Amino acid sequence: MSRWKALPGELDPRVRQLVVRLRRLKDHSGLSLRQLAAKTGYSPSSWERYLGGRSLPPREAVEAMARIGGDDPTRLLALHEVAAEAWGEGRAGTSAPEGPDARDATEVAGTAGAAGAAHTVEVAGALQAAGADDTGPYNLSAPNEETRQGRSLRVALVAGSVALVLAVSSAVLLAVRLTDGDSRASANPLGSAASSVSPSASPSGPRTYACEVERIDGRWYAGNSRTRDAVLAEGLAGPEVAEAQCLLRRAGFAPGVVDGIFGPHTKSAVEQLQKRAGLVVDGIIGRHTWGALRR
């Protein structure tokens, strides 16, 4: 068993879940980093960053690790999707996962705005290096003061354009996220039963959800969500989490307050349910755990 270094304290819990699972699969395989690189096509230094929480592995690397460790690729890729969203929020969309060995020496741009900005800076550098005077093809003599001032002005204009592009890109991404969140919050999963599924909130307390538990077509529902395959992990929030908390209570476990927040109490209750149902005990709600909650 490898002795792993502690993960960075500021690492998002959703990314931490993925890294811990990858470490377990690596230990289970018994492979060294060099052997792992030979089997996956990603360099030992890349795997060192992935398993150290310093870089988010690409989807293909996660899938390859699942095959090597004998784990379910679907579950591991669902964890990767949640972690990728958290990673994008933490980095404000300015970086992306590393590619295979052929691209280890370069940084891959994470957004179209960043890529365009990099290209603009590269063109500006080429212009600056190519000529100091417009009167001849290549003037190799030292530029005069006027030429240097012109260069400085062009560089300043390019830098201002880059900053503007990045600011607009960030504003668009934020607006899209807020719009998507409002749409999901306003959706009514049970149609006419709006009065029983609406969350309640007191002016001075946290948001809470009602648990209207009933059995429909042989399955249990609590009136907050009808999902049967949503992947939920510690750090997430929403009506799907509230639905799971209500069903955990019905099954005799204690997830804490039904507030729609996947915290430590909810994770502990999920692990107890998984242990009783004979499932993989990882504290993550997936398709099989939903099946145990609905039965």
Side-chain angles (χ1 to χ4, degrees), residues 13-14 17-18 21 71-86 177-295:
R14 291 166 285 181
Q17 288 274 357
L18 175 65
R21 178 58 66 87
D71 199 5
D72 181 9
T74 303
R75 179 183 293 271
L76 201 60
L77 289 175
L79 276 179
H80 178 267
E81 183 177 349
V82 173
E85 181 178 355
R177 284 188 178 278
L178 291 176
T179 302
D180 183 59
D182 291 342
S183 300
R184 287 183 295 187
S186 61
N188 188 347
L190 294 181
S192 61
S195 61
S196 63
V197 302
S198 298
S200 60
S202 61
S204 60
R207 188 182 215 184
T208 58
Y209 290 79
C211 293
E212 300 292 338
V213 180
E214 59 179 338
R215 195 163 179 82
I216 303 174
D217 296 333
R219 293 185 176 88
W220 291 104
Y221 295 91
N224 292 302
S225 173
R226 282 188 168 276
T227 183
R228 291 164 59 185
D229 56 7
V231 177
L232 305 177
E234 188 174 7
L236 298 182
E240 292 82 5
V241 177
E243 177 79 3
Q245 290 172 329
C246 291
L247 295 180
L248 284 167
R249 279 192 173 185
R250 189 211 65 80
F253 302 103
V257 179
V258 181
D259 54 4
I261 300 175
F262 202 124
H265 295 295
T266 301
K267 179 181 178 182
S268 176
V270 170
E271 290 174 342
Q272 295 176 41
L273 170 73
Q274 290 172 332
K275 184 177 181 180
R276 189 177 73 179
L279 302 174
V280 176
V281 180
D282 56 6
I284 300 173
I285 299 178
R287 180 166 54 87
H288 298 296
T289 304
W290 275 117
L293 287 170
R294 298 290 190 196
R295 286 198 298 268

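Here the structure is a predicted model, which means the values were calculated and not measured. Along the sequence shown, residues carry numbers from 1.
Here L79 contributes atom CG and D72 contributes atom CG; the two are 10.5 Å apart, rounded to the nearest 0.5 Å.
Listed by first and then second residue, the salt bridge (Lys or Arg N to Asp or Glu O under 4.0 Å) pairs that reach into residues 272-284 are R21-D282, R75-D282, sequence neighbours excluded. Every pair passing disulfide (SG to SG under 2.5 Å) that includes a residue from residues 215-295 is listed here, sequence neighbours excluded: C211-C246.
Here the shortest heavy-atom pairing between F253 and A269 reads CB-CB, 4.0 Å. L232 and A244 make their closest contact through CD1-CB, 4.4 Å (heavy atoms, listed as atom of the first residue, atom of the second, distance). Taking both residues in full, the closest heavy atoms of F262 and I285 are given as CE1-CD1, 3.9 Å, listed atom of the first, atom of the second, then distance. Summarising the geometry of D259 relative to Y209, their closest heavy-atom pair is O-CE1, 3.5 Å, with the distance given to 0.1 Å. Across every non-hydrogen atom of L18 and A83, the tightest pair is CD2-CB, 3.8 Å. Between V258 and A242, the shortest heavy-atom distance links the atoms CG1-O, 3.9 Å.
Checked against salt bridge (Lys or Arg N to Asp or Glu O under 4.0 Å), E234 has the following partners two or more places apart in sequence or in another chain: K267. R249 meets the salt bridge (Lys or Arg N to Asp or Glu O under 4.0 Å) test with no other residue; sequence neighbours excluded. Residues satisfying the side chain to side chain donor-acceptor pair (under 3.5 Å) criterion with T74, sequence neighbours excluded, are absent altogether.
At least one donor-acceptor pair under 3.5 Å links the side chain of Q245 to the backbone N or O of I261.
With a 6.0 Å radius and a threshold of 12 heavy atoms from other residues, nucleotides or ligands, R228 has its CZ atom at or below the threshold.
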Donor-acceptor contacts under 3.5 Å from residues 288-295 side chains, at least two apart:
unit_1	atom_1	unit_2	atom_2	d
T289	OG1	Q274	NE2	3.1
W290	NE1	A230	O	2.8
R294	NE	T227	O	3.4
R294	NH1	W220	O	3.0
R294	NH1	E243	OE2	2.6
R294	NH2	S225	O	3.1
R294	NH2	T227	O	2.7

